[in-house]
S.K.: 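Following this message is one structure expressed as structure tokens.
Order of appearance sets the numbers: ligands from 1, and atoms from 1 within every ligand. In this text the structure is predicted, and so the values were computed from the model without any measurement. What you see below is based on every heavy atom in this structure, not just the backbone, and it leaves out hydrogens, waters and symmetry mates.
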Amino acid sequence: MLITHIKQLVQVEEEAKKAVQGSNMAILPSIQNAFLLIENDQIKDFGEMKDCPSYDGETINAEGRMVFPSWCDSHTHIVYAGSREGEFVDRIKGLTYEEIAERGGGILNSAKRLQNTSEDDLFEQAKARLAEVINYGTGAIEVKSGYGLTVESELKMLRVIQRLKAISPIPIKATFLGAHAVPSEYKDNRAGYIDLLIQEMLPQIAKENLAEYCDVFCDKGFFTVEETDKILKAGLEYGLKPKIHANELANSGGVQVGVANNALSVDHLERMGTEEIKVLMDSYTMPTMLPSCAFFLSIDYAPARQMIAAGLPVALATDYNPGSTPSGRMPFVISLACIKMKMTPEEAINAATINGAYAMELTDSHGSIMKGKKANVFITKPIPSIAFIPYSFGSDLIETVILNGKIWEGNFNDEL
Ligand code: NIG
Ligand code: FE
């Protein structure tokens, strides 16, 4: 496939970068009046129109339109049952997220629903969400368990993720989040639940190869630093790298314990101090911000400017889940990053592409327009500039989604 007359081809790379950080986040390399040549499922060539090769195959004239690498959404919970708009109304009336959780709502509410939902039903619900986010331009995604909270239901969730992987046109990374909340049966026996995670869930997950990463909700009212450390170390023994929820509700020590265990990413970060930023410097860990969660819960936004000024890289992800972020719209996340966290459009797009790919270990194949990378890209509607993407928040600016070198028509592999 050849795409010609592209107004701007965004996020091009000659050589693969692992991630972009600090002041480099403001640089978004792009080519005006460009072509993009795709062969099979890969990017074969790109450049200025004056160098465009002649080509007999399928050709798209993208005049007035821009081409971007697909978004890399490195933090989601798209496998869940039902919805929680009742709690949304409770929050409007004054309850906090923590108060709802303390009353047995929140994650435990979703767990109850999920335990009573069949694997097939869950799969269908998650598949619809996957199609939805692909239409918003997502071309690689991470999905977590964590609404099972029993051996059986955590495995059920992870098997649903495995089935999604089999039919998905975009790569999916699976994360085990058994430590999302302590189930009520273990309220007075937290150690018992942690033993269950370590002794029963993890070995079975490893045996069936159901996850790449291990997550813990390390925060006030959820899991402590000591508990997190123990679970992450157990996960590492089975080859699951840490990728954790940290510092959403308090300066929980989550960032520190994540970095100490070489976490691939620490996510949320609405509560950050100078100590947390210091610990992240020179680490391998990607600080990942989820501004649509802060928006939906009306909590503080992560201090993006402070982190970038310190020289850190940052990634952006949706956190799509039924409690804190019932939305999987990456373009809205990018708008919020600009509007609420004062990131420039270039910084936000870097955070949502190459740095998101890093947080899923996919930079070799995703996150930029580079020869040999996967042809997961989208063509916008006619737009005047890159900044128009975050500026026109809530609008749908994507005209064509291309995955593995083919136009996405909304069909999964099991429907073809
Ligand atoms: O990332 N913070 C923890 N977990 C999810 C929300 C879970 C829920 O409320 O269902 C999050 O925001
Ligand atoms: Fe989350």
S.K.: Starting from atom 3 (C) of ligand 1, find the nearest protein heavy-atom neighbour and note its residue, name and distance.
M.R.: Phe217 CE2, 3.3 Å

S.K.: For Asn321, counting its heavy atoms only, list the atoms of ligand 1 lying under 4.0 Å from any of them.
M.R.: 5 (C), 6 (C), 7 (C), 8 (C), 10 (O), 11 (C), 12 (O)

S.K.: Is ligand 1 under 4.0 Å from a heavy atom in the side chain of Tyr147, in the backbone, in both, or in neither?
M.R.: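 Just the side chain.
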
S.K.: At a 4.0 Å threshold, what atoms of ligand 1 neighbour a non-hydrogen atom of His268?
M.R.: 1 (O), 2 (N), 11 (C), 12 (O)

S.K.: Is the positively charged end of Arg190 above the ring of Phe223, judged by distance under 6.0 angstrom from the centroid and angle within 45° of the axis?
M.R.: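 Because its charged atom sits under 6.0 Å from the ring centre and within 45° of the axis, Arg190 does stack over Phe223.
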
S.K.: When you measure from atom 4 (N) of ligand 1 to every protein heavy atom, which one gives the shortest distance, and what is it?
M.R.: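 Ranking protein heavy atoms by distance from atom 4 (N) of ligand 1, first comes His180 NE2, 2.7 Å.
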
S.K.: Is His75 close enough that one of its N/O/S atoms sits under 2.8 Å from the Fe ion (ligand 2)?
M.R.: yes

S.K.: Hey, can you tell me if His268 and Phe217 have their rings parallel, tilted or perpendicular (30° and 60° cut-offs)?
M.R.: parallel

S.K.: Roughly, to 10 degrees, what angle do Asp319 atom OD1 and His245 atom NE2 form around the Fe ion (ligand 2)?
M.R.: 170°

S.K.: Assign the ring pair Tyr186 / Tyr193 to parallel, tilted or perpendicular, where the plane angle (0 to 90°) is split at 30° and 60°.
M.R.: tilted

S.K.: Evaluate the ring planes of Phe332 and Phe393, with Trp represented by its six-membered ring, and classify them as parallel (under 30°), tilted (30 to 60°) or perpendicular (over 60°).
M.R.: tilted

S.K.: If the threshold is 4.0 Å, N to carboxylate O, is there a salt bridge linking Glu119 and Arg159?
M.R.: no

S.K.: List ligand 1 atoms under 4.0 Å from Ser324, heavy atoms only on the residue side.
M.R.: 6 (C), 9 (O), 11 (C), 12 (O)

S.K.: Below 30° counts as parallel, above 60° as perpendicular, anything between as tilted: where do the rings of Trp408 and Phe412 land?
M.R.: perpendicular

S.K.: Could you please spell out the steps behind the salt bridge (Lys or Arg N to Asp or Glu O under 4.0 Å) verdict for Arg271 and Glu276?
M.R.: CA-CA 9 Å; Arg271 307 286 179 139; Glu276 280 85 355; over 6 Å; no

S.K.: Under a 4.0 Å threshold between the charged nitrogen and the carboxylate oxygen, would Glu347 count as salt-bridged to Arg305?
M.R.: yes

S.K.: Distance to 0.1 Å, residue and atom name: give those for the protein heavy atom nearest to atom 2 (N) of ligand 1.
M.R.: Glu248 OE1, 2.7 Å

S.K.: With heavy-atom distances below 4.0 Å as the criterion, list the atoms of ligand 1 near Gly323.
M.R.: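 Answer for ligand 1: 8 (C), 9 (O), 10 (O).
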
S.K.: Please could you name the atoms of ligand 1 that His75 approaches to less than 4.0 Å, counting only its heavy atoms?
M.R.: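 The atoms of ligand 1 under 4.0 Å from a heavy atom of His75 are 1 (O).
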
S.K.: For atom 11 (C) of ligand 1, find the nearest protein heavy atom and state the residue, atom name and distance (0.1 Å precision).
M.R.: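 Scanning the protein heavy atoms, the shortest distance from atom 11 (C) of ligand 1 goes to Asp319 OD2, 3.1 Å.
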
S.K.: Please check if the number of heavy atoms outside Lys373 that lie under 6.0 Å from its NZ is greater than 12.
M.R.: yes

S.K.: May I ask you to identify the nearest protein heavy atom to atom 9 (O) of ligand 1, giving residue, atom name and distance to one decimal place in Å?
M.R.: Tyr97 OH, 2.4 Å

S.K.: Ignoring angles and geometry beyond distance, decide whether His245 reaches within less than 3.5 Å of ligand 1 through its nitrogen or oxygen atoms.
M.R.: yes

